[in-house]
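Notes for the one structure printed next.
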Amino acid sequence: MKKVFAEAYKAQEKEILDIVENFDSHGSEIGDQDRNTIKIFPFHGEVLNVKAFKIPNIFNQIAYKFLRKSKAQRSFEYANRLIELGVGTPKPIAYLEQATPFLFKRSFYISEHLDCDLTYRELTKQFDYPDYDTILRAFTRFTYSLHEKGIHFLDHSPGNTLIRKEGDQYGFYLVDLNRMNFGTLDFETRIKNFSRLTIHKSMVEVMSDEYAKVSGYEYEKVFNLMWKETSDFQDRFQRKKELKKKYKFWKKN
């Protein structure tokens, strides 16, 4: 098993390895378990968040073994890079990989478990949430700061930003980190980065207004592109959903 630990946790390596080895029978599941499994474990006065990535298909088992970094390794490395850039994310602790001589199998990413007050998803459903406009505008400024730092968070979707009330301000913390690019972002890439967040035009209007204010771009230019990219994403999402339904119906019959 390949294992890489943050310096501060190397003394607890054996205990953390025991948690991973007993992952399937211990711990408390949290979140969406459709693709991967996330569990939390009490650990010396703190809580560990352990994400077990499912075994990939045979082609990716070969790719991850010989050609590509695993999702767990990318999560660990990107978390460290985000922290270096001053961006909030749960503290990275370790990643572990299981493999045979020729095939990649299961991998685990371990971080601190960070309690939050809400995620962006709540903003898409609870329009009367306290400080709603303030939070949405602060989230938009946070996204702008990512872009200014050259961070293109490819999974910028409703459940992947944790939001915490911190005094009179709000803190934002990225999770599900395995898909990111780093470098200069052009206007189209920046605005397209908002496309997966909401179906609500009113939210797009607010985010466009705030992004225009902090970036210096014209509001109409920002809104027109953000709403187009949002609509296009929803169209693709619905088509894909319909295809899945048809495929399931075809399999049953």
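One-based numbering along the sequence shown. Note that the structure is predicted; figures quoted are calculated from it, not measured.
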Should [X] and [Y] count as side-chain neighbours, where that means a heavy-atom distance under 4.5 Å?
X      : Y      : value
Lys69  : Asn178 : no
Glu29  : Ile38  : no
Met180 : Arg81  : no
Asn49  : Pro90  : no
Met203 : Leu123 : yes
Ile191 : Val222 : yes
Phe139 : Thr161 : yes
His152 : Thr189 : yes

With a 4.0 Å cut-off, would you call [X] and [Y] a salt bridge?
X      : Y      : result
Glu148 : Arg190 : yes
Lys213 : Asp209 : yes
Glu122 : Lys125 : no
Asp24  : Arg106 : yes
Arg179 : Asp155 : yes
Asp235 : Arg239 : no

Derivation and outcome, side-chain contact (heavy atoms from CB on, under 4.5 Å), residues Tyr109 and Arg74: CA-CA 9 Å; Tyr109 172 56; Arg74 295 200 307 268; over 6 Å; no
More than 12 foreign heavy atoms under 6.0 Å from [atom1] of [X]: is that the case here?
X      : atom1 : answer
Glu218 : CD    : no
Lys51  : NZ    : yes
Lys149 : NZ    : yes
Phe59  : CZ    : no
Phe237 : CZ    : no

Spacing of [X] atom [atom1] and [Y] atom [atom2] [to the nearest 0.5 Å]:
X      : Y      : atom1 : atom2 : result
Arg236 : Ser195 : CZ    : OG    : 6.5 Å
Asn193 : Leu146 : CG    : CG    : 7.5 Å
Thr134 : Tyr129 : OG1   : OH    : 12.5 Å
Leu103 : Thr100 : CG    : OG1   : 4.0 Å
Leu136 : Glu205 : CG    : CD    : 11.5 Å
Glu77  : Leu82  : CD    : CG    : 12.0 Å

Smallest separation among heavy atoms of Thr124 and His200, with atom names: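 Looks like O-NE2, 3.1 Å.
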Closest approach of Pro56 to Tyr64 (non-hydrogen atoms, all atoms of both residues):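 Shortest heavy-atom contact: CG-CD1, 3.9 Å.
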Distance flag, aromatic centroids of Tyr120 and Phe172, threshold under 6.0 Å: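 Here the rings of Tyr120 and Phe172 have centres that are no less than 6.0 Å from each other.
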Side chains of [X] and [Y]: is there a donor and an acceptor less than 3.5 Å apart?
X      : Y      : answer
Ser25  : Asn22  : no
Thr143 : His156 : yes
Asp131 : Tyr170 : yes
Lys2   : Tyr95  : yes
Glu46  : His113 : no
Glu97  : Ser107 : no

Verdict with supporting geometry, Asp115 and Arg164, salt bridge (charged side-chain N to carboxylate O under 4.0 Å, His left out): CA-CA 8 Å; Asp115 288 325; Arg164 297 173 63 171; over 6 Å; no
Phe182 and Tyr78: CA distance, side-chain angles, deciding distance, ring-ring contact (aromatic ring centres under 6.0 Å, His included) verdict: CA-CA 10 Å; Phe182 296 87; Tyr78 291 164; 5.6 Å; yes
Ser157 side-chain N/O to Gly159 backbone N/O, donor-acceptor pair under 3.5 Å: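 No.
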Check against side-chain contact (heavy atoms from CB on, under 4.5 Å), Thr230 and Ile199: CA-CA 7 Å; Thr230 297; Ile199 63 172; 5.8 Å; no
Other cluster members, Phe43 - Ile/Leu/Val/Met/Phe/Trp/Tyr, side-chain contacts below 4.5 Å: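 Besides Phe43, the hydrophobic cluster comprises Met1, Phe5, Tyr9, Ile16, Leu17, Ile19, Val20, Phe23, Phe41, Leu48, Val50, Ile93, Leu96, Phe108, Ile110, listed by chain and residue number.
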Working for side-chain contact (heavy atoms from CB on, under 4.5 Å), residues Asn160 and Leu174: CA-CA 6 Å; Asn160 289 343; Leu174 298 183; over 6 Å; no
Passing candidate, ring-ring contact (aromatic ring centres under 6.0 Å, His included) with Phe194, options Phe153, Phe233, Tyr144, Tyr211: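 Of the listed options, the one satisfying the test is Tyr211.
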Residue pair Ile163, Asp117: steps toward the side-chain contact (heavy atoms from CB on, under 4.5 Å) verdict: CA-CA 6 Å; Ile163 306 173; Asp117 296 303; 6.0 Å; no
